Amino acid sequence: TSASKKVRSYNLNTGEIIWEAEGLTGNCIPSPIVDGEVVYCMSGYQGYSLLAIPITGKGDVTDSILWKGERGTPYVPSPILYDGLLYNCRDNGVLSVYESRTGRRLYQERIGRGGSGYRASPVAADGLVYFSSEDGSIYVVKAGPEFEVLAENPMGETLMATPALSEGVLYIRTRGHLVAVSPSAT
């Protein structure tokens, strides 16, 4: 669980702390992402922090952190881990992509024209990563080590909610509508 200044792992049966690590900023909103035996935690309020922490430790594991990022983390949107890459979009639309195992940043680019906020978390499927901007556009970015925006899809309304994917359908909640998008009508 991410919390102000720390991340903690709890025993689900007893509620006891298994391990904890320092290094996050305050008011953590992004959800942690677990991949195998590593958890990726980030915060972007009054500073920036990204931590890759092994989940197998006990007690204070601050000194066991695998890698850190200290710039460009979001305040609200959660990251997404897709095909070994960690995608994190700041609230201002700046996207950073990292190799999840090494922490090497592959690129940092702005999605869209700037000026819009990003509160929704990204979703991914079929080699594509979708980013919803508050100004009402969904940007489709090709997954991979190089930045390529494949499409901008204006929805005509404010977007704040994270899209959902189910059985080949992308569900988008705008300010006033629920939109379902699929490659073919069923």
Side-chain angles (χ1 to χ4, degrees), residues 1-2 7 12 27-45 50-52 55 69 72-101 105-186:
T1 300
S2 293
V7 58
L12 293 177
N27 200 20
C28 299
I29 296 174
S31 296
I33 302 291
V34 176
D35 181 33
E37 295 186 347
V38 178
V39 62
Y40 302 91
C41 303
M42 58 183 61
S43 56
Y45 177 72
L50 166 55
L51 307 175
I55 62 173
T73 53
Y75 174 47
V76 176
S78 295
I80 189 167
L81 185 63
Y82 187 71
D83 285 343
L85 301 181
L86 185 66
Y87 296 80
N88 113 55
C89 183
R90 287 185 54 200
D91 303 70
N92 64 1
V94 174
L95 172 63
S96 297
V97 176
Y98 301 87
E99 289 180 343
S100 63
R101 294 293 176 208
R105 188 171 69 197
L106 300 174
Y107 64 82
Q108 185 174 54
E109 299 285 344
R110 181 174 301 281
I111 300 171
R113 296 169 293 283
S116 180
Y118 289 75
R119 296 294 183 263
S121 299
V123 295
D126 297 329
L128 305 173
V129 187
Y130 300 87
F131 298 89
S132 302
S133 69
E134 287 181 44
D135 69 3
S137 289
I138 295 184
Y139 295 91
V140 183
V141 174
K142 183 178 179 182
E146 296 179 15
F147 181 68
E148 183 180 355
V149 176
L150 299 176
E152 175 186 357
N153 299 295
M155 300 303 296
E157 293 183 62
T158 301
L159 300 171
M160 299 289 284
T162 298
L165 294 161
S166 179
E167 298 182 15
V169 179
L170 176 65
Y171 294 93
I172 303 158
R173 178 74 173 108
T174 69
R175 183 177 182 99
H177 296 89
L178 177 61
V179 178
V181 179
S182 71
S184 61
T186 55

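Numbers for residues simply follow the sequence, beginning at 1. The shown structure was predicted, so the numbers you read here are calculated from the model rather than taken from an experiment.
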Atom [atom1] of [X]: over 12 foreign heavy atoms under 6.0 Å:
X    : atom1 : result
F147 : CZ    : yes
E148 : CD    : yes
L12  : CG    : no

Taking only residues two or more places apart in sequence, or in another chain, which ones meet [X] in a side chain to side chain donor-acceptor pair (under 3.5 Å)?
X    : answer
R110 : none
Q108 : S96, R105
Y75  : N27
D35  : R101

Where at least one partner belongs to residues 150-162, residue pairs that pass side-chain hydrogen bond (donor to acceptor under 3.5 Å, both in side chains), sequence neighbours excluded: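 For residues 150-162: R113-E152, S137-E152, Y139-E152, E157-T174, E157-H177.
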Ring pair (Phe, Tyr, Trp, His ring centres under 6.0 Å) involving Y98 - partner list, sequence neighbours excluded: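 Y98 satisfies ring pair (Phe, Tyr, Trp, His ring centres under 6.0 Å) with W67 only.
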Of all heavy-atom pairs between [X] and [Y], which one has the smallest distance, and what is that distance?
X    : Y    : value
Y87  : A143 : OH-CA, 3.3 Å
L159 : G136 : CD1-C, 3.6 Å
S31  : P79  : O-CD, 3.6 Å
V97  : G144 : CG1-O, 4.4 Å
V7   : C41  : CG2-SG, 3.4 Å

For the atom pair [atom1] ([X]) and [atom2] ([Y]), what is the distance rounded to the nearest 0.5 Å?
X    : Y    : atom1 : atom2 : answer
M155 : R175 : CE    : CZ    : 15.5 Å
E99  : L86  : CD    : CG    : 11.5 Å
Y130 : I80  : OH    : CD1   : 11.0 Å
N88  : S121 : CG    : OG    : 10.5 Å
L170 : S132 : CG    : OG    : 7.5 Å
T73  : L50  : OG1   : CG    : 7.0 Å

Do V141 and F131 pass the side-chain contact (heavy atoms from CB on, under 4.5 Å) test, and can you show the C-alpha distance, the side-chain angles, and the key distance before you say yes or no? CA-CA 8 Å; V141 174; F131 298 89; 3.8 Å; yes
Could you check whether any side-chain N or O of [X] sits under 3.5 Å from a backbone N or O of [Y], counting only pairs where one atom can act as donor and the other as acceptor?
X    : Y    : value
Y82  : G127 : yes
Y40  : L81  : no
S100 : G84  : yes

Would you sort out whether E37 and I55 count as a side-chain contact (heavy atoms from CB on, under 4.5 Å), showing the intermediate values? CA-CA 5 Å; E37 295 186 347; I55 62 173; 4.2 Å; yes
Please evaluate residues Y118 and I111 with respect to the criterion side-chain contact (heavy atoms from CB on, under 4.5 Å), reporting the C-alpha separation (whole Å), side-chain torsions for both, the decisive distance (0.1 Å), and the verdict. CA-CA 10 Å; Y118 289 75; I111 300 171; 3.6 Å; yes
Hey, does P30 have a side-chain heavy atom less than 4.5 Å from the side chain of S2?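 S2 vs P30: side chains apart.
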Sole candidate of S78, C28, P74 that passes side chain to side chain contact (heavy atoms under 4.5 Å, CB included) when paired with M42: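 Result for side chain to side chain contact (heavy atoms under 4.5 Å, CB included) with M42: P74.
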